[in-house]
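Heavy-atom basis, side chains included; hydrogens, waters and symmetry copies ignored. The chains referred to below are lettered A, B, ... by the order of the sequence lines, with proteins before strands, and numbering in each begins at 1. These numbers come from a predicted model, not from an experiment.
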Amino acid sequence: MTTIVFPLPIAEQLYLSVSFVNNTITGTHYLSNGQPTPSSGSPSTTADSVFAKQIKHELESYFKTDSQFTLTCDLQSGTEFQRKVWQALLEIPSGEVKTYGALAKELNSSARAVGNACRQNLFPVIVPCHRVVSASGIGGYAGDTLDKQHGRINFLQIKQWLLAHEKAHIK
DNA sequence: CGAAGAGTAGTCG
DNA sequence: CGACTACTCTTCG
């Protein structure tokens, strides 16, 4: 497995690490000041393979012009339900948002369960869990809610930034 | 508008 | 089972 680290234009000292094996992304994590987020583990290395360059290029394009990703993610981990939710997330186009409730209806589930699955998303940014919002506001991100923030990274600010970047409008 | 309560489904121990 | 959630709807001030 190889990992690259991409600086994010969202905030100072904020990075996205992208891990991959062969031509498949196996996970992405936010890093603050080079330190792994609570849930991640392995130290990062750099690579210059063709796929690594493609990843960097797609990230650059996304953060510059809001382009779509063609990268493929390894969605095999996780439960059946989680994979269904993540697959549904991939079908939300940039600039649009769905509520947890609306997504739940499509999957014959409940809003709370959808929120759970989004929280378990292993591919923030690439799998656009930020395009799912609450019926009454922005909802949570990476475990953070309006009420409580967990780590040093302000995840809600990231969600807000991504949605603004995609020109999505929420309540 | 806000707060409180009930209802909900998926996951973990 | 019971106790968690990135939820939502109704009801009551």
Check your understanding: Under the 3.5 angstrom rule, does the side chain of A:S17 hit a backbone N or O of A:V5 as a donor-acceptor pair?
Key -> no
Point to revise | DNA chain C contacts among residues 157-171 of chain A, heavy-atom distance under 4.0 Å | key: none
Exercise for review: Measure the distance from CG on A:L156 to P on C:dA6 and round it to the nearest whole Å.
Suggested key: 11 Å
Study note, to complete from the structure: Separation between CG (A:L59) and NZ (A:K64), nearest 0.5 Å, reads 12.5 Å
Point to revise | Separation of C:dA6 C1' from A:H150 NE2 (nearest whole Å) | key: 10 Å
Practice item. Give, for atom CG of A:L163 and atom CD1 of A:I170, the distance between the pair rounded to the nearest 0.5 Å. Key: 5.5 Å
Practice item. Please list residues of residues 95-113 of chain A whose heavy atoms come under 4.0 Å from any atom in DNA chain B, ordered by number; otherwise none. Key: A:S109, A:S110, A:R112, A:A113
Practice item. Take the protein atom OH of A:Y30 and the nucleotide atom P of C:dA6, then report the distance between them rounded to whole Å. Key: 16 Å
Practice item. Decide if atom NE2 of A:H150 counts as having more than 12 heavy atoms of other residues, nucleotides or ligands within a radius under 6.0 Å. Key: yes
Check your understanding: If you draw a 6.0 Å radius around CD in A:E12, do more than 12 non-hydrogen atoms from other residues or ligands fall strictly inside?
Key -> no
Review point. Can you tell if the side chain of A:F155 reaches within under 4.5 Å of the side chain of A:T145, non-hydrogen atoms only?
Key: no
**Study point:** d(CZ, A:F155; P, C:dT5) in whole Å
**Key:** 16 Å
Check your understanding: Counting only non-hydrogen atoms, which of residues 123-138 of chain A are less than 4.0 Å from DNA chain B?
Key -> none
Check your understanding: Side-chain donor or acceptor of A:N116 under 3.5 Å from a matching atom on the base of C:dT5?
Key -> yes
Check your understanding: Base, sugar-phosphate alone, or nothing: which one does A:A142 contact when heavy atoms must sit under 4.0 Å apart?
Key -> base
Review point. Relative to each other, are the rings of A:F63 and A:F6 parallel, tilted or perpendicular (30° and 60° limits)?
Key: parallel
Exercise for review: Mark yes or no for whether A:R83, through its side chain, and A:S77, through its backbone, hold a donor-acceptor pair below 3.5 Å.
Suggested key: no
Revision key, fill the gap. pair_partner(C:dT11), Watson-Crick or wobble, both distances < 3.5 Å, evaluates to B:dA3
Review point. Taking atom CG of A:L89 and atom NZ of A:K98, what is their separation to the nearest 0.5 Å?
Key: 9.0 Å
Review point. When you measure from the side chain of A:E91 to the backbone N and O of A:A88, does any donor-acceptor pair fall under 3.5 Å?
Key: no
Point to revise | Counterpart residues, side chain to side chain donor-acceptor pair (under 3.5 Å), relative to A:Q149 (two or more places apart) | key: none
Considering only distance and modelled atom types, tabulate donor-acceptor pairs under 3.5 Å from the side chains of residues 116-136 of chain A, sequence neighbours left out.
unit_1 : atom_1 : unit_2 : atom_2 : d
A:N116 : OD1    : A:R119 : NH2    : 2.7
A:N121 : OD1    : A:F123 : N      : 2.9
A:N121 : ND2    : A:V127 : O      : 3.1
A:H130 : NE2    : A:E166 : OE2    : 2.8
A:R131 : NE     : A:E166 : OE1    : 2.9
A:R131 : NE     : A:E166 : OE2    : 3.4
A:R131 : NH1    : A:I92  : O      : 2.8
A:R131 : NH2    : A:E166 : OE2    : 2.9
A:S134 : OG     : A:S136 : N      : 2.9
A:S134 : OG     : A:S136 : OG     : 3.2
A:S134 : OG     : A:G137 : N      : 3.1

Review point. Say you pick atom P in C:dA6 and the same atom in B:dG7; how far apart are they, in whole Å?
Key: 22 Å
Review point. What is the distance from CG of A:L146 to P of B:dG2, rounded to the nearest Å?
Key: 12 Å
Practice item. With a 4.0 Å heavy-atom cut-off, tell me which residues in residues 77-88 of chain A come close to DNA chain C, sorted by residue number. Key: none
Practice item. Would you tell me whether A:E58 and A:T70 have side-chain atoms, one donor and one acceptor, within less than 3.5 Å of each other? Key: yes
Check your understanding: In Å, rounded to the nearest 0.5 Å, how long is the span from CH2 of A:W161 to CD1 of A:I10?
Key -> 5.0 Å
Review point. Starting at CG of A:D147 and ending at P of B:dG2, how long is that distance when rounded to a whole Å?
Key: 13 Å
Review point. In the strands shown, is C:dA6 matched to any nucleotide by a Watson-Crick or G-U wobble pair with both distances under 3.5 Å, and which?
Key: none
